[in-house]
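FYI, the numbering just counts along the sequence from 1.
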Amino acid sequence: SVEVRSIARAIADASGEAFDPGPPRTVGGGCINTAVLLSDGPRRYFVKLNRADRLPMFDAEAAGLTAMAATRAIRVPRPLCTGVAGAQAFLAMELIDFGRSPTGGAATAGRRLAAMHRNRDEQFGWERENTIGSTSQHNTRHPDWVGFWRDQRLSFQLALAARNGFGGQLQAGGEQLLELFP
């Protein structure tokens, strides 16, 4: 059960506007979270829910959305607040109505994603750890992209696969690839 009142108070505090939503409406939101739409009529928010111990995942997602928006390359939902309500962590964000994709919409989105990734920092990585789904993603900074991708992405995923019983040919091929990086 969704703790609507607690989440509504957090949204009201973050937005500076009273928010008294009706019952939550379940919407699609991915495979690891529950997602609901909270609306009081004029204001509508997309709220992701998971176990209370998953709050750091939502905090990192909110920070990521804020960083993506700062590139001004692609439109992303504006995160409003995160918190814990009852036994559930939540991330409340702006609801974006997408509707039908215009002709060429996928190509436009691809160009905008590429532009977002061209916004570079001095090093590769990020200021904090985050997740892909429920899988940890390490972001220790590296001075070069190849080293970052090798150490923080491919090596980590290979080790994770091995811990989950995927060894043999996958590991052998992965080790060969890692050796070829230099």
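- Applying the ring-ring contact (aromatic ring centres under 6.0 Å, His included) rule to Tyr45 yields the partners Phe19; only residues at least two apart in sequence or on another chain are considered.
- Between Thr34 and Val2 there is no side-chain heavy-atom pair separated by less than 4.5 Å.
- Criterion: ILVMFWY side-chain heavy atoms under 4.5 Å apart, direct or through other members. Under it, Leu80 and Phe58 are not part of a common hydrophobic cluster.
- Between Phe181 and Trp149, some side-chain heavy-atom pair lies under the 4.5 Å cut-off.
- Scanning both residues, Leu65 and Val76, for their nearest heavy atoms gives O-CG2, 3.5 Å.
- Two different hydrophobic clusters hold Val27 and Val36 under the rule that ILVMFWY side chains link at heavy-atom gaps under 4.5 Å.
- There is a path of hydrophobic side-chain contacts, each under 4.5 Å, that joins Phe124 to Leu154.
- Of the possible donor and acceptor atoms, one in the side chain of Ser155 sits under 3.5 Å from a partner among the backbone N and O of Arg150.
- Residue Ile74 holds its CD1 atom at 10.0 Å from OG1 of Thr108, rounded to the nearest 0.5 Å.
- Proximity of Lys48 to Met93: side-chain heavy atoms (C-beta onward) are separated by under 4.5 Å at one or more points.
- Of the possible donor and acceptor atoms, none in the side chain of Arg112 sits under 3.5 Å from a partner among the backbone N and O of Arg72.
- Legend: residues meeting salt bridge (Lys or Arg N to Asp or Glu O under 4.0 Å) with Glu17, ordered by chain and number and at least two apart, are Arg43.
- Across all their heavy atoms, Phe46 and Ala35 have their closest contact at CZ-CB, 3.6 Å.
- Between Phe90 and Ala10, the shortest heavy-atom contact is CZ-CB, 3.6 Å.
- Judged as a salt bridge (Lys or Arg N to Asp or Glu O under 4.0 Å), and not counting sequence neighbours, Asp151 has no contacts.
- Ionic pairing of Asp20 and Arg5 is present here: one or more N-O contacts between side-chain nitrogen and carboxylate oxygen are shorter than 4.0 angstrom.
- No side-chain heavy atom of Gln137 sits less than 4.5 Å from a side-chain heavy atom of Gln152.
- When all heavy atoms are compared, the tightest approach of Leu91 to Ala62 is CD1-CB, 4.0 Å.
- Listed by chain and number, the residues in a side-chain contact (heavy atoms from CB on, under 4.5 Å) with Thr66 are Pro79 (sequence neighbours excluded).
- In this structure, the side chains of Glu175 and Leu180 stay at 4.5 Å or more apart for every pair of heavy atoms.
- Hydrophobic cluster membership is shared by Met68 and Leu95, with clusters built from Ile, Leu, Val, Met, Phe, Trp and Tyr side chains linked at under 4.5 angstrom.
- For the pairing with Asn33, the side-chain contact (heavy atoms from CB on, under 4.5 Å) check across Met57, Gln88, Arg54 returns one residue only, Met57.
- Although no hydrogens or angles enter the test, the distance criterion places a donor-acceptor pair under 3.5 Å between the side chain of Asn50 and the main chain of Ile32.
- Across Ala52 and Val84, no two heavy atoms sit closer than the pair CB-CG1, 3.9 Å.
- Take Thr135 and apply the side-chain contact (heavy atoms from CB on, under 4.5 Å) test, not counting sequence neighbours, and it matches Phe156, Gln157, Leu160.
- Counting heavy atoms from C-beta outward, Asn139 and Phe148 have side chains that approach closer than 4.5 Å.
- Distance check: Ile132 CD1 to Asn130 CG gives 7.0 Å after rounding to the nearest 0.5 Å.
- The same ILVMFWY cluster, assembled from side-chain heavy atoms under 4.5 Å apart, contains both Val146 and Leu158.
- Closest approach of Leu38 to Ile11, counting heavy atoms only: CD1-CD1, 4.4 Å.
- A salt bridge links Glu94 to Arg75: one of the charged nitrogens lies within less than 4.0 Å of a carboxylate oxygen.
- Residues passing the salt bridge (Lys or Arg N to Asp or Glu O under 4.0 Å) test with Arg128, sequence neighbours excluded: none.
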